[in-house]
Amino acid sequence: MTEKTDNVRVRFAPSPTGALHIGGGHTALFNWLWARHNNGKFILRIEDTDLVRSTKEYEQTIMSGMVWLGLDWDEGPDIGGNYGPYRQSERLDIYRDYAEKLVAEGKAYRDGEAIIFKVEPGQDISFKDIVYGQIDVMSDGLREKDSDKLKDIVIIKSDGMPTYNYAVVVDDHSMKITHVIRGEDHISNTPKQILLYRALGWEVPEFAHLPMILGRDKKKLSKRHGATSIYEYRDMGYMPDSMFNFLALLGWSAGDDKEIFTRPEAAELFELSRVTRKAAVFDFDKLNYINQEHLKALDPMVRLSMVKPFWIEAGLQVDKHSDKYLADSLTLMAGRGRTAKEMAEFSDYFVSFEPVKARWNAEGLDKEKLKPFFKALFESPEWKHEKLEEIARSWVSSQEGAKMKDYAMPLRFALTGMKVSPGIFEVAEHMGREECETRLKYYGLL
RNA sequence: GGUCCCAUCGUCCAGAGGCCUAGGACACAGCCCUUUCAAGGCUGCGACGCGGGUUCGAAUCCCGCUGGGACCGCCA
């Protein structure tokens, strides 16, 4: 069931003080899902009021991270929109004006160069969260740490920049944001913001807080847990479709058993009311599985484009082959490998003989026993796996006590340098008679 | 210390009083297929944190406890 919402406008508002990390991507993703589900607008706003830590480079990195994940926005600093500017550092006059208004009305006061909002005791600043439900708070709860003194809220810093809690209110109001969707760590900021909305005489938007993402040790995800930036996952061989799928499943499910889905499918099914409240642990095993499933489902040429960079990274001469041959090689892999990187590693022998040589050794090989077998194989009128297997089977049955693996495994190892591969006769067919001959001769097996 | 939030298999999700001797997925274990498994098929292991209520009946509602977490910056 779809909640009745019209003209949904949501935003992702990162501060450009680092790359797009898992938590940020998760938040952006849920905002995107809600916007797309409702045919609403997804807005990107840059919160760059921290002069010392914000950089344009990070702003770029965050945007390209979102593009990589497949999260497109409808309004933002790069493409503009009717409610700009979309960079807080370009909206200083707006913050200043409203702050002056609050001062004039006696709701805020100056201290030093800063402007500070007065918090009056005894106010009910409860709110209803779409995900967490009713949250009851009194203004008396806003105390200073280890003190019973009520804490006023700084809205303009001494350097003239607005603070987060103030700017977010001014911007969300002036950008006509209907749903504020953000991490659960913002629940305790919400009452302060509500105080500001009231003082300014503005309507309060809907709030939907999202569960946190934890590391394996159940602590908030951080550098200690290894990869935290979205790009690190790309570099490890995870695909955007899978990251999207995996992240969407952290704190949400459609309620049925469907766990592998595309962006449009997720957007169709997504409901804020179905978001979970419990913090979720980032589970690599599940990510691997989801990535593998997407890797399987990919169009062969698209799959090739995901895997190719990792072959190149390993120094293999990819351009010696046609894309058709390479893509077919991956199709033959039939789902082996969980990441694009793993798939590239598991299939390197299709690209080049070099890695095979590096792995190969003749330990325990009875060359004299093998030679006649390989010779028979190469007498096959057709280099087709059915024919090759047929020859192999009759050869094995003609030898006393011989088993298929006695011949198939040495062949596999000579051709691939691996003890694991797709059916070796299929591999041989795909590699081609010439290449197989080259490899076997190199080892003196033919 | 204060305020707020959370609590179902190891992990991610189902479950919105009887459909639950709690379901699915990942992981793990075992079996099967077989020229190998990193592919495929099957089976198994495994949870409602504890204690009180409410009710004919509670994983689901209420209270307490315990255990986690977030926030309390002129960071966002």
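It should be emphasised that the depicted structure is a prediction, and the values quoted were computed from it without experimental measurement. Keep in mind that the numbers below use all heavy atoms, side chains included, and drop hydrogens, waters and symmetry copies.
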Side-chain N or O of A:K405 less than 4.0 angstrom from OP1 or OP2 on B:rU34?
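The answer is no; no side-chain N or O of A:K405 sits under 4.0 Å from OP1 or OP2.
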
Name the pairing partner of [N], where a pair is Watson-Crick or G-U wobble with both distances under 3.5 Å, or state none.
N      : answer
B:rC31 : B:rG41
B:rA47 : none
B:rA59 : none
B:rU36 : none
B:rG23 : B:rC13
B:rG67 : B:rC6

Polar side chain donor-acceptor pair, A:R182 to A:T190, under 3.5 angstrom
yes

Would you say A:S64 and A:Y231 are linked by a side-chain donor-acceptor pair, where the criterion is simply a distance under 3.5 Å?
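A:S64 and A:Y231 do have a side-chain donor-acceptor pair below 3.5 Å.
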
Rounded distance in Å between the [atom1] positions of [N] and [M]:
N      : M      : atom1 : answer
B:rC20 : B:rG57 : C1'   : 13 Å
B:rA7  : B:rU11 : C1'   : 15 Å
B:rC71 : B:rA39 : P     : 40 Å
B:rA59 : B:rU3  : P     : 32 Å
B:rG53 : B:rA16 : P     : 26 Å
B:rU8  : B:rC4  : C1'   : 24 Å
B:rC48 : B:rG10 : P     : 9 Å
B:rU43 : B:rU35 : P     : 25 Å

May I ask you to say what [X] touches in the nucleic acid, namely base, sugar-phosphate or nothing, with a heavy-atom cut-off under 4.0 Å?
X      : value
A:G251 : sugar-phosphate
A:L249 : sugar-phosphate
A:P422 : base
A:L411 : nothing
A:A114 : base
A:T17  : nothing
A:K219 : sugar-phosphate
A:H186 : base

Roughly, in whole Å, what's the span from [atom1] in [X] to [atom2] in [N]?
X      : N      : atom1 : atom2 : answer
A:D185 : B:rG68 : CG    : P     : 20 Å
A:K218 : B:rG69 : NZ    : P     : 10 Å
A:L214 : B:rC13 : CG    : P     : 11 Å
A:R274 : B:rC12 : CZ    : C1'   : 14 Å
A:F425 : B:rU34 : CZ    : C1'   : 12 Å
A:F413 : B:rC37 : CZ    : C1'   : 15 Å
A:K192 : B:rA70 : NZ    : C1'   : 12 Å
A:L221 : B:rC12 : CG    : C1'   : 15 Å

Verify the ring-centre separation between [Y] and [X]: is it less than 6.0 angstrom?
X      : Y      : value
A:F350 : A:H430 : yes
A:Y443 : A:F353 : yes
A:F30  : A:F270 : yes

Is [Y] paired with [X] through a side-chain N to carboxylate O contact shorter than 4.0 Å?
X      : Y      : result
A:E75  : A:R9   : yes
A:D406 : A:K369 : no
A:R263 : A:D241 : yes

Contact nearer the 5' end of RNA chain B, comparing A:D111 with A:S253:
A:S253

Quick check on RNA chain B: between A:I116 and A:A280, whose nearest nucleotide comes earlier from the 5' end?
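The residue closer to the strand's 5' end, by nearest nucleotide, is A:A280.
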
Out of B:rU34, B:rC13, B:rU36, whichever nucleotide has its closest atom nearest the side chain of A:T276
B:rC13

Might you work through the side chain to side chain contact (heavy atoms under 4.5 Å, CB included) test for A:H21 and A:I230, ending with a clear yes or no?
CA-CA 5 Å; A:H21 53 88; A:I230 291 287; over 6 Å; no

Step-by-step side chain to side chain donor-acceptor pair (under 3.5 Å) determination, A:D124 to A:S126:
CA-CA 6 Å; A:D124 184 355; A:S126 302; 2.6 Å; yes

Scan nucleotides 24-28 of chain B against the protein and return all N/O pairs shorter than 3.5 Å with their distances rounded to 0.1 Å.
residue : atom : partner : partner atom : Å
B:rG24  : N2   : A:E259  : OE2          : 3.3
B:rA25  : O4'  : A:E259  : OE1          : 3.2
B:rA25  : O2'  : A:E259  : OE1          : 2.7
B:rA25  : N3   : A:K286  : NZ           : 3.4
B:rC26  : O2'  : A:D285  : O            : 3.2
B:rC26  : O2'  : A:K286  : N            : 3.3

Is any side-chain heavy atom of A:L411 closer than 4.5 Å to a side-chain heavy atom of A:V427?
no

Its contact letters, B for base, S for sugar-phosphate only and - for none at protein heavy atoms under 4.0 Å, make nucleotides 1-6 of chain B read B-SSSS

Pairs satisfying ring pair (Phe, Tyr, Trp, His ring centres under 6.0 Å), at least one member in residues 123-167 of chain A, at least two apart
A:F127-A:F207, A:Y164-A:H186

